[in-house]
Amino acid sequence: MSLLIVGSVALDSIESHAGRVKDVVGGSAVYASYAASLFTRPAIVGVVGDDFPQTEVTSLKRKGIDTQGLERVPGGKTFRWGGRYAEDMIQRETLFTELNVFETFQPTLSPSYRSIRDVFLANIDPDLQLDVLRQVRNPRLVVCDTMNLWIDTKRPSLLKLLKRTDPVRKIDALLLNDEEARMLGDAASLAAAARSIARLGVSRRTAPARRGDARLHRTEPLRIIIKKGEHGCMMFGPEGVFAAPALPLAKAKDPTGAGDTFAGGMLGWLAGRALTPANWRRAILAGTAMASFCVEDFGVKRLRGLEREDFRKRVDELRAMMAVGKM
Ligand code: AMP
């Protein structure tokens with residue numbers, strides 16, 4: 001296993017102009033795991049109830065996803081979320097959020113999970129993200145996602161997570177959408193919001209970087225990755241800004257989980273690769289390509305059947321779109 005993913009595991013009910021589905025498997029950790037499984041062996045940490053179909057666990061396993069960290073609570077009910085998309089497929093109304101088994105979930109990582117070096121704290125209560133981060137031994141890379149709900153209701157926990165007081169267990173990159181970035185960074189401009197969020201990640205107790213320090217990348221400023229839906233994504237890192245467009249798709253059916261799929265693709269691609277600025281940029285393209293598949297069908301349907309060759313073709317389309325040649 002080379003990528004630990006903690007997040008929600010859900011049964012979603014979704015409505016869009018393309019139709020409606022009820023109680024389909026979803027959740028941030030599930031989308032991210034399916035996407036990452038194209039590149040690496042993810043281990044999923046989450047909780048479900050009796051009502052979560054065993055066939056869904058089998059599907060995850062079939063993709064090489066380790067499900068030992070997926071706890072089943074006898075008599076419990078799986079987390080449920082419902083959403084409805086407007087005609088533009090951008091505006092989304094949350095119809096309901098039922099935390100159910102997540103309300104009392106206390107993840108305990110097995111010894112083998114604790115030593116996984118790359119960690120994705122997918123969208124879930126920041127207290128649970130902190131719980132998991134405290135248990136990992138010596139991570140190489142930690143990326144965290146969040147959402148407006150937690151920025152609104154759990155800001156102190158989120159800030160605790162971002163504040164880099166532990167030089168080993170700390171967040172390297174934060175993923176948010178544009179609206180969330182403006183909310184957390186308290187600024188209308190994305191550049192200003194990114195700058196102020198990066199400052200939230202500065203702790204006076206963080207040791208200064210020394211030349212030749214093997215853990216030099218651990219002392220880099222917090223990298224901020226802002227997802228802008230059909231307008232692509234921007235990454236604010238120590239080396240500067242990188243922007244990637246999204247693939248223009250004619251037949252989007254369901255954008256649910258696109259952000260989690262982006263993250264899973266990005267981290268899956270990065271797993272085992274050097275964390276250079278060039279690789280971060282390539283990882284953004286990998287995430288963008290994966291997210292473009294996600295929206296083509298409801299739930300994880302499209303992700304389940306993906307092959308490496310599908311990814312290769314799509315990433316080439318994206319690179320062709322971005323190529324400008326000499327000027
Ligand atoms: P996204 O479209 O990237 O916002 O992700 C949608 C997924 O997030 C759905 O599969 C939901 O089950 C899950 N989700 C919705 N609300 C929450 C929440 N409060 N915490 C964790 N996951 C959530």
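Residue numbers start at 1 and run along the sequence shown. Each ligand, and each atom within it, is numbered from 1 in the order the structure gives.
- Remark: Arg80 engages Asp23 in a salt bridge, criterion side-chain N to carboxylate O under 4.0 Å.
- Among the atoms of Ser8, some N or O lies under 3.5 angstrom from an N or O of ligand 1.
- When only interatomic distances are considered, the shortest N/O to N/O separation between Gly27 and ligand 1 falls below 3.5 Å.
- By heavy-atom distance, the residue among Ala29, Gly259, Gly257, Gly299 lying nearest atom 1 (P) of ligand 1 is Gly257.
- The aromatic ring centroids of Phe311 and Phe39 lie less than 6.0 Å from each other.
- Residue contact check for ligand 1: Phe102 places no non-hydrogen atom closer than 4.0 Å to it.
- Here the rule is side-chain contact (heavy atoms from CB on, under 4.5 Å) with Tyr113, and of Val136, Asp66, Val132 only Asp66 fits it.
- The closest approach between a heavy atom of Met147 and any atom of ligand 1 is below 4.0 Å.
- For Glu98, no heavy-atom contact with ligand 1 is shorter than 4.0 Å.
- Taking only nitrogen or oxygen atoms, main chain and side chain alike, Arg92 reaches within less than 3.5 Å of ligand 1.
- Considering Thr146, Asp260, Leu149 only, the shortest heavy-atom separation from atom 7 (C) of ligand 1 involves Asp260.
- Look at Asp145 and Lys227 and you find a salt bridge, because one of the NZ, NE, NH1 or NH2 atoms lies within 4.0 Å of a carboxylate O, short of that distance.
- Comment: Arg302 does not engage Glu307 in a salt bridge, judged by the lack of any side-chain N to carboxylate O separation of less than 4.0 angstrom.
- In Asp12, the part holding a heavy atom less than 4.0 Å from any atom of ligand 1 is the side chain.
- Using a 4.0 Å cut-off between charged nitrogen and carboxylate oxygen, Lys61 and Glu56 do not count as a salt-bridge pair.
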